[in-house]
Every structure is written in structure tokens, then in C-alpha cells.
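Quick note: residue numbers are just sequence positions, from 1.
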Amino acid sequence: MRYSLVNRVRGIFLGALLGESLANGNSCDLGKIAVLGTESLISLGKLDVDDWLKRQQQAGIELETNINSWGQIIFATLPVVIFFHEDTAKMRENILAVQRILNWQNEPVVTDASLIIGYAIARSLNEKLNPIHLISETVSFLGNTSTSLPQELIKVNALLEKGAGLEIACRELSSIATQHQLEETFTSNISLAIYCFLSTLEDFPLTILRATQNHDLVNQDVISAITGSLSGAYNSSVGIPINWQIPVLANKSSKWGLHSFAQMLKLADTMMEVWSGVYDLNDDFSEFVEKGYTIFAAPHIIR
């Protein structure tokens with residue numbers, strides 16, 4: 001096992017926040033619903049969409065029809081991806097269940113994007129991500145769809161095979177958004193995120209810096225945060241430079257509706273404790289966790 005599962009999970013959330021922060025300064029809100037979903041999974045030990053919806057309503061979060069809200073919906077599915085990463089069929093089923101309550105206008109491109117990002121992250125968590133085959137596998141996992149995302153992923157694959165640079169990729173993939181239509185722009189975001197991730201797979205800093213460059217006609221927060229979550233899952237928190245992590249963890253300003261981002265990492269750890277079967281969350285257990293005795297199951301191992 002190259003990296004521990006818990007470090008990969010930490011990498012997902014750290015990568016997403018770093019990508020969003022570098023693109024948008026200190027204003028970060030893409031992960032608010034993901035926090036609520038993580039808390040629900042911890043509390044119940046399973047997916048309960050009614051509980052998710054109740055928590056969202058209590059938090060006063062309302063989703064609109066824009067790229068930022070669509071980005072929030074994608075990030076809301078990340079806890080589900082993590083919790084069910086061992087079984088892609090079950091993961092797909094639960095992603096779609098969350099989509100039914102959050103994607104209230106039933107935008108197919110948002111559903112497809114959630115499945116695409118979820119599948120790539122699950123492959124990293126299971127240590128089965130093969131960059132050569134990932135896009136073809138993802139298109140197969142996506143299945144029949146009315147969106148243009150499969151065609152754009154195939155275009156990304158062609159760019160990668162040719163070794164096309166970032167400037168060419170941006171020009172090719174942004175061309176679909178020339179009419180400023182929301183769905184086209186969002187499709188461009190997802191395609192560029194996949195390209196940035198796979199073109200510099202082993203280098204988290206370079207991946208994020210490339211993703212946060214000023215791409216025309218795309219929402220910078222969304223592409224950077226999605227790229228960060230993909231690269232964070234693959235490279236884990238171990239692959240994120242410590243001088244990148246310290247400012248995030250030391251910063252006490254509100255992130256994703258939390259007092260500090262260190263709370264998000266603690267939630268991520270606790271969710272993996274529940275996932276691995278250690279779920280007696282009483283005071284004695286909390287002390288036990290802090291002493292460092294908690295066992296996290298590795299990928300492919302029965303818990």
C-alpha cells in the first residue's frame with residue numbers, strides 16, 4: 001500500500017481547499033454541504049438522504065442555478081464516494097441518491113460530473129488508478145448519457161496522448177464554452193480539471209498551480225478545487241508539501257462553515273473510523289482516538 005487510506009482521504013479535503021483558496025483567496029464555501037454530509041455519515045453510520053436534507057435546511061443553505069452551486073453539489077457527494085469507495089456499484093447508487101435531493105433541477109451534466117469525479121477518486125482510494133485507462137474506464141462507468149462529457153473526456157485523452165501543453169489544452173477544451181452557456185462552461189471546467197490532474201499526476205503542487213492559472217471562460221474556484229481533490233486523493237496528504245499545509249491548518253478563519261479547517265480533517269478521520277467499524281463515539285472512545293490507537297482498514301481488506 002503506497003499511502004494509507006486515511007491520508008488519501010485527508011488529501012481529498014486538503015487538496016480541494018488549497019485549490020479553492022489559491023483561486024479565490026480566503027473566501028471558501030464549496031465544501032459546506034460536504035461537511036454536513038460527513039457529519040451525517042458519522043452520526044448514522046450510513047447514508048440517509050432525509051437526514052442530509054434536514055441538515056442542509058437547518059444550515060440555511062440554498063442552491064441556485066450557477067456553476068458555484070453545481071460545484072457544491074459535486075463536493076457534497078465526496079463523503080459518499082469515500083464511504084462507499086470499495087464498491088463502485090453501491091457508490092454510484094448512493095451518489096445518485098444524493099443527487100436527487102441536491103440537484104433539484106435535475107441537471108444531467110451535474111450528475112455526470114459527480115460520477116466522473118467520484119469514480120476517479122474511488123480508483124485512487126482503492127489504489128487502482130491507471131492513468132492510461134482511467135478515461136476509458138470512466139466513460140464506461142458513466143454509461144449512456146445526454147451530455148457531452150464523454151466526448152470531452154475522449155478529447156482530453158487525445159490531448160494527453162499527444163503530450164499537448166496547458167495552453168493548447170485550455171484552447172481546445174474551452175472552445176466548447178464560447179457561447180457562455182452554463183452547461184458548456186461547466187463541462188469545460190470538468191474537462192480541464194481532469195486534464196490538469198492526469199498531465200502532472202505525481203506532482204501535487206504543479207497540478208494545483210496549473211489549474212489555478214487564469215483560464216478563459218471557466219469558473220476558477222470550481223476547476224481548481226476539483227483538481228485539488230483529485231490530486232489529493234492520488235498523492236494523499238503526504239504528497240502535499242508541509243509548507244502548503246501549515247498556513248491552512250494554522251488559519252483560524254471560517255472555512256466551509258467551520259471555525260477552522262483542522263475541524264474538517266478531524267471529521268474526515270472520524271468518518272474513516274466509522275467506516276472501518278470503530279463507531280462507539282463516546283467520551284472514552286474520543287480519548288482512545290487521541291492516543292493514536294485507532295486502526296484504519298486498508299483498501300482491498302475486509303474490515
Side-chain angles (χ1 to χ4, degrees), residues 1-13 15-16 33-34 37-38 40-41 44-49 52 73-103 108-147 149-154 156-157 190-191 193-194 197-198 201 226-236 268 271-272 274-277 296-303:
M1 183 171 60
R2 183 181 180 190
Y3 298 119
S4 71
L5 182 59
V6 70
N7 280 335
R8 288 190 185 275
V9 172
R10 280 176 158 241
I12 292 169
F13 293 115
I33 305 178
T38 302
S40 178
L41 288 169
L44 302 177
K46 63 178 182 179
L47 174 63
D48 185 324
V49 292
W52 280 44
I73 293 172
I74 290 179
F75 281 99
T77 62
L78 291 187
V80 168
V81 171
I82 295 166
F83 211 73
F84 298 99
H85 70 274
E86 295 171 291
D87 185 335
T88 54
K90 186 175 289 186
M91 180 188 73
R92 179 192 182 97
E93 176 186 336
N94 286 296
I95 288 175
L96 294 177
V98 173
Q99 285 286 317
R100 282 192 287 272
I101 63 168
L102 298 181
N103 188 7
V109 69
V110 183
T111 300
D112 284 0
S114 296
L115 291 171
I116 288 168
I117 302 305
Y119 182 79
I121 287 177
R123 298 302 282 180
S124 287
L125 294 180
N126 287 309
E127 298 199 334
K128 292 183 178 179
L129 191 148
N130 184 324
I132 297 175
H133 303 302
L134 178 63
I135 287 180
S136 61
E137 291 173 355
T138 303
V139 170
S140 178
F141 176 74
L142 195 58
N144 294 328
T145 177
S146 61
T147 74
L149 271 168
Q151 290 77 18
E152 291 308 307
L153 290 181
I154 292 170
V156 169
N157 202 45
I190 302 303
S191 303
I194 297 292
F197 167 53
L198 290 177
L201 190 64
I226 289 175
T227 306
S229 66
L230 289 167
S231 187
Y234 184 82
N235 291 292
S236 90
M271 178 171 64
M272 297 317 296
V274 174
W275 173 86
S276 63
F296 298 95
H300 324 307
I301 305 299
I302 296 175
R303 288 173 269 162

>> Does Leu230 form a side chain to side chain contact (heavy atoms under 4.5 Å, CB included) with Leu198? I'd like the steps, not just the answer.
In response: CA-CA 9 Å; Leu230 289 167; Leu198 290 177; over 6 Å; no

>> side chain to side chain contact (heavy atoms under 4.5 Å, CB included), that's the test. Do Ile117 and Ile194 meet it? Break it down for me.
In response: CA-CA 8 Å; Ile117 302 305; Ile194 297 292; 4.2 Å; yes

> Can you check side chain to side chain contact (heavy atoms under 4.5 Å, CB included) on Ile12 and Leu125, steps first, answer last?
Replying inline: CA-CA 10 Å; Ile12 292 169; Leu125 294 180; 4.1 Å; yes

> For Trp275 and Glu86, what are the C-alpha separation, side-chain angles and deciding distance, and is it a side chain to side chain contact (heavy atoms under 4.5 Å, CB included)?
Replying inline: CA-CA 11 Å; Trp275 173 86; Glu86 295 171 291; 3.4 Å; yes

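When all heavy atoms are compared, the tightest approach of Ile82 to Met271 is CG2-CE, 3.8 Å. Here the shortest heavy-atom pairing between Glu127 and Arg2 reads OE2-N, 3.0 Å. Among all heavy-atom pairs drawn from Ala34 and Pro79, the shortest one is O-CG, 3.4 Å. Nearest heavy-atom pair across His85 and Asn126 is O-ND2, 2.7 Å. Between Leu142 and Pro150, the shortest heavy-atom distance links the atoms CD2-CG, 3.7 Å. Listed here is the closest heavy atom pair of Ala97 and Val49: O-CG1, 3.7 Å.
For Lys90, the side-chain contact (heavy atoms from CB on, under 4.5 Å) test picks out Phe84, Asp87, Asn94, with sequence neighbours left out. Qualifying side chain to side chain donor-acceptor pair (under 3.5 Å) partners for Ser40, counting only residues two or more places apart in sequence or in other chains: Asp51, Trp52. Judged as a ring pair (Phe, Tyr, Trp, His ring centres under 6.0 Å), and not counting sequence neighbours, the contacts of Phe141 are Tyr119.
Note that the CD1 atom of Ile190 and the CG atom of Leu153 stand 9.0 Å from one another [nearest 0.5 Å]. Atoms CG and CD, from Asn130 and Glu137 in turn, are 7.0 Å apart once rounded to the nearest 0.5 Å. Taken to the nearest 0.5 Å, the OG atom of Ser140 stands 13.5 Å off from the CD1 atom of Ile135. For the atom pair CD1 (Ile33) and OG1 (Thr77), the distance works out to 10.5 Å, reported to the nearest 0.5 Å. Rounded to the nearest 0.5 Å, atoms CG (Leu129) and CG (Leu134) are 4.5 Å apart. Atoms OG1 and CZ, from Thr111 and Arg100 in turn, are 9.5 Å apart once rounded to the nearest 0.5 Å.
With Arg8 contributing its side chain and Ala233 its backbone, the two residues share a donor-acceptor pair below 3.5 Å. Looking only at distances, a side-chain donor or acceptor of Asn235 sits under 3.5 Å from a matching main-chain atom of Leu201.
In summary, of the residues considered (Val80, Thr88, Leu47, Ile74), a side-chain contact (heavy atoms from CB on, under 4.5 Å) with Ile95 occurs for Val80 alone.
Residues Gln99 and Leu115 form no side-chain contact, since every pair of their non-hydrogen atoms from C-beta on lies 4.5 Å or further apart.
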